[in-house]
Number of protein chains: 2
Amino acid sequence: MASRPKATILDIAREAGVSKSTVSLVLQGSGLIRPETALKVRKAIEDVGYVYNRGAANLRKAHSNVIGMVINDLTNPFFAELAVGMERVFQSAGIVPFIANTAENPVRQEEVLKSLMEQGVAGLIVSPARGTTPGAFRRLETAGVPVVFAMRRLPDSRIPVIAPDNHRGAYLAAAHLIGKGHRRLAFFGGTADLVVYQERLGGFREACETLGIARRDVLVVEGETSRRGGIACLETALAMPEPPTAALCFNDAVAFGVMLALRKRGLEPGADFAVVGFDDVVEAEHYMPALTSVSVDTAGLGERAAHVMLKMIQSRTTRAEDHIGAVNLVVRESCGPDRRARNTPAGMGDAA
Amino acid sequence: MASRPKATILDIAREAGVSKSTVSLVLQGSGLIRPETALKVRKAIEDVGYVYNRGAANLRKAHSNVIGMVINDLTNPFFAELAVGMERVFQSAGIVPFIANTAENPVRQEEVLKSLMEQGVAGLIVSPARGTTPGAFRRLETAGVPVVFAMRRLPDSRIPVIAPDNHRGAYLAAAHLIGKGHRRLAFFGGTADLVVYQERLGGFREACETLGIARRDVLVVEGETSRRGGIACLETALAMPEPPTAALCFNDAVAFGVMLALRKRGLEPGADFAVVGFDDVVEAEHYMPALTSVSVDTAGLGERAAHVMLKMIQSRTTRAEDHIGAVNLVVRESCGPDRRARNTPAGMGDAA
DNA sequence: CCCTATAAATGGAACGTTCCAATAAATCAA
DNA sequence: TTGATTTATTGGAACGTTCCATTTATAGGG
């Protein structure tokens, strides 16, 4: 039962007693074929165990219905959610997207991109890896392959971006913290080479300035965007002479790390130190205590990105508008008021 | 800057003043070409912005260096880890695997499989969706495409399987619980249509029997294999006249749900009710309390699966040995002794 | 009954590679 | 010098589709 030479369109033709062109027409669901003939052909297709050779077809057609999704960290549930959103819309368009992981490695990303191009993808949705060089996508551009960036953007590049309103989200979070009476705030995690980082930090800073927090009372600690990074950030912060009483974290993973580290020191997240996350991954709600986080509607952004992609392909353009998704702060239990401020300004809300 | 007709091997040939065959040889890194000629060609390749057309090449070569990974639930970090393991070994073999998600939907799986076959994959690593029909992979078999199942197996099928020793893992976990003094045990989550379920439940049952737990003291509650499923299972169990005091959960997600539900009822996981998970995802360690779980070395299994796949492709066979991975119980804080048994048999270990 | 219009089916060139067989150029032995 | 051998390069057929231009069959109009 070794692999006999695979059946082609000609085998079908012979089997059904028609020409290869007729078979091709049937395969494409053309209405030009008499129903009975089509039936005969379809039966033959079954009989010979035919599998369509898309490679051969693309050789003539030059556009391939394959869409690639290049993701920088598959183990972050955040990106999995993004992927799921996209898949929803591609599925209903009869497209199976292929996902590839770059593991936050620009070299790997290069390989992945190359491979996808060789495959002749119709379009690419990419969340670029950290440290992507500006030229990394030129190849794609000159080849005229539509690309959209999801969640992350590159400094210069004119590739359309689908991302949440990072600035606003961070502003909201910081304002919430300040409203709770906190006066010494921190921003934990992330590194300045990410545009997202700058946006989020920018929003945070603006809130602090506007709402009267002195420059020297805001602490910024860069770090890995992971649980481990969060742990490290907290350690650093608490070692300061006048440590902050609340922190906005670059993302939820960092926030989880911070909560963990607090617990390890016998501090209660929320009561002893307020923490806010960013992204609002599903686990945020289920954490203990539940994490206050900036919700960005990840799956929704995924859908959006997919729609934009589809439209670009259809109108065979390589340009599209950016889309900045709405965000909102989901208040849960991880940020009570500043303890030391309890007897001062805003005195409500601490019922239980 | 519209997309001009893309460059082919002939354009390169013209540019470099050689024949297309020479270019082809250079592309394949053949040693038959004079270094200076190769250099000239490579320069031309750069100049014309050439991108290799793998589809056209495969038309002649008939084997495609594309490997697909079909995963049933991308949002489960467990599978993301599996994917990462595989990618490690494929990367070093110069292969970019394409991942596709079936979202636990057999119909979707069918589409995904079809699409991958049309793409001419060299091999497939699959974690089949629940409810996969026995015939779903026949197409692949008759086409002679190597397939390996990862983590899950299908009832009949002779496709090789890479999976952890589910039976043993469950046995270990149950034995641990019994050793802690628990006498009324439960198995939470999962449904009988999964082979994995039967294996895990089997191990659990065997431990109970061997170690003298009466049949009527073991409770089995089926349910979704998610946090939500875990919550539901616990509710059901506690509503029983004589509820269990400990549970082995089908996987970590279920265990997290159980812990959550316990907390909601004011019970402390570990102290008031013991819970053990399965898979030992990274979060298990970081939970509060840290979850005792059966570690299956997910990434390792992924690597293994990838190696087996590579070997199958190389030896152009469609058969391979099953591989059952070692497991071990990682004891953390989520399962203390049975409270009511505290003054009876094993009296140590409860220091703090 | 012939002509035209419509419907259904078909042959052949083209797509961008690979690879075999063949050629051309360079080297060597005699 | 000549033929044999090695080293580099090349033309052309083939891979499995699509699609245009034709052909053939069927129907309709006068």
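Just so it is clear, the values below take in all heavy atoms, side chains as well, and ignore hydrogens, waters and symmetry mates. Being a predicted model, the structure only gives us computed values, none of them experimental.
- Rounded to an integer number of Å, the gap from CD1 of Ile9(A) to P of dT10(C) is 12 Å.
- Evaluation of atom-type donor-acceptor distances gives no pair under 3.5 Å for the side chain of Ser19(B) against the base of dG11(D).
- Ring geometry for Phe98(A) versus Phe98(B): interplanar angle under 30°, hence parallel rather than tilted (30 to 60°).
- Taking side-chain N and O atoms only, Ser24(A) has a distance below 4.0 Å to OP1 or OP2 of dT18(D).
- When atom types are taken as modelled, the side chain of Glu15(A) and the backbone of Ala44(A) share no donor-acceptor pair closer than 3.5 angstrom.
- Scanning atom types as modelled, one donor and one acceptor separated by under 3.5 angstrom connect the side chain of Arg60(A) and the base of dT18(D).
- Shown here is His323(B), whose NE2 atom has more than 12 heavy atoms of other residues, nucleotides or ligands within 6.0 Å.
- Among the heavy atoms of the strands, none lies under 4.0 Å from Leu27(A).
- Checking the phosphate oxygens (OP1, OP2) of dT9(D), a side-chain nitrogen or oxygen of Arg34(B) falls inside 4.0 Å.
- Between Leu32(B) and Lys20(B), it is Leu32(B) whose nearest contact on DNA chain D lies nearer the 5' terminus.
- At a cut-off of 3.5 Å, with distance as the only test, no side-chain donor of Glu111(A) or Ser115(A) sits close to an acceptor on the other residue.
- Regarding contacts with the backbone of dC19(D), a side-chain N or O of Gln28(A) is found under 4.0 angstrom from either OP1 or OP2.
- Not one side-chain nitrogen or oxygen of Thr8(B) sits closer than 4.0 Å to the OP1 or OP2 atom of dC15(C).
- If you measure from atom CD1 of Ile33(B) to atom P of dT18(C), you get 12 Å, rounded to the nearest angstrom.
- Look at NZ on Lys61(A): it is 17 Å from C1' on dG16(C), rounded to the nearest Å.
- Under 4.0 angstrom from either OP1 or OP2 of dA9(C) there lies no side-chain N or O belonging to Thr22(A).
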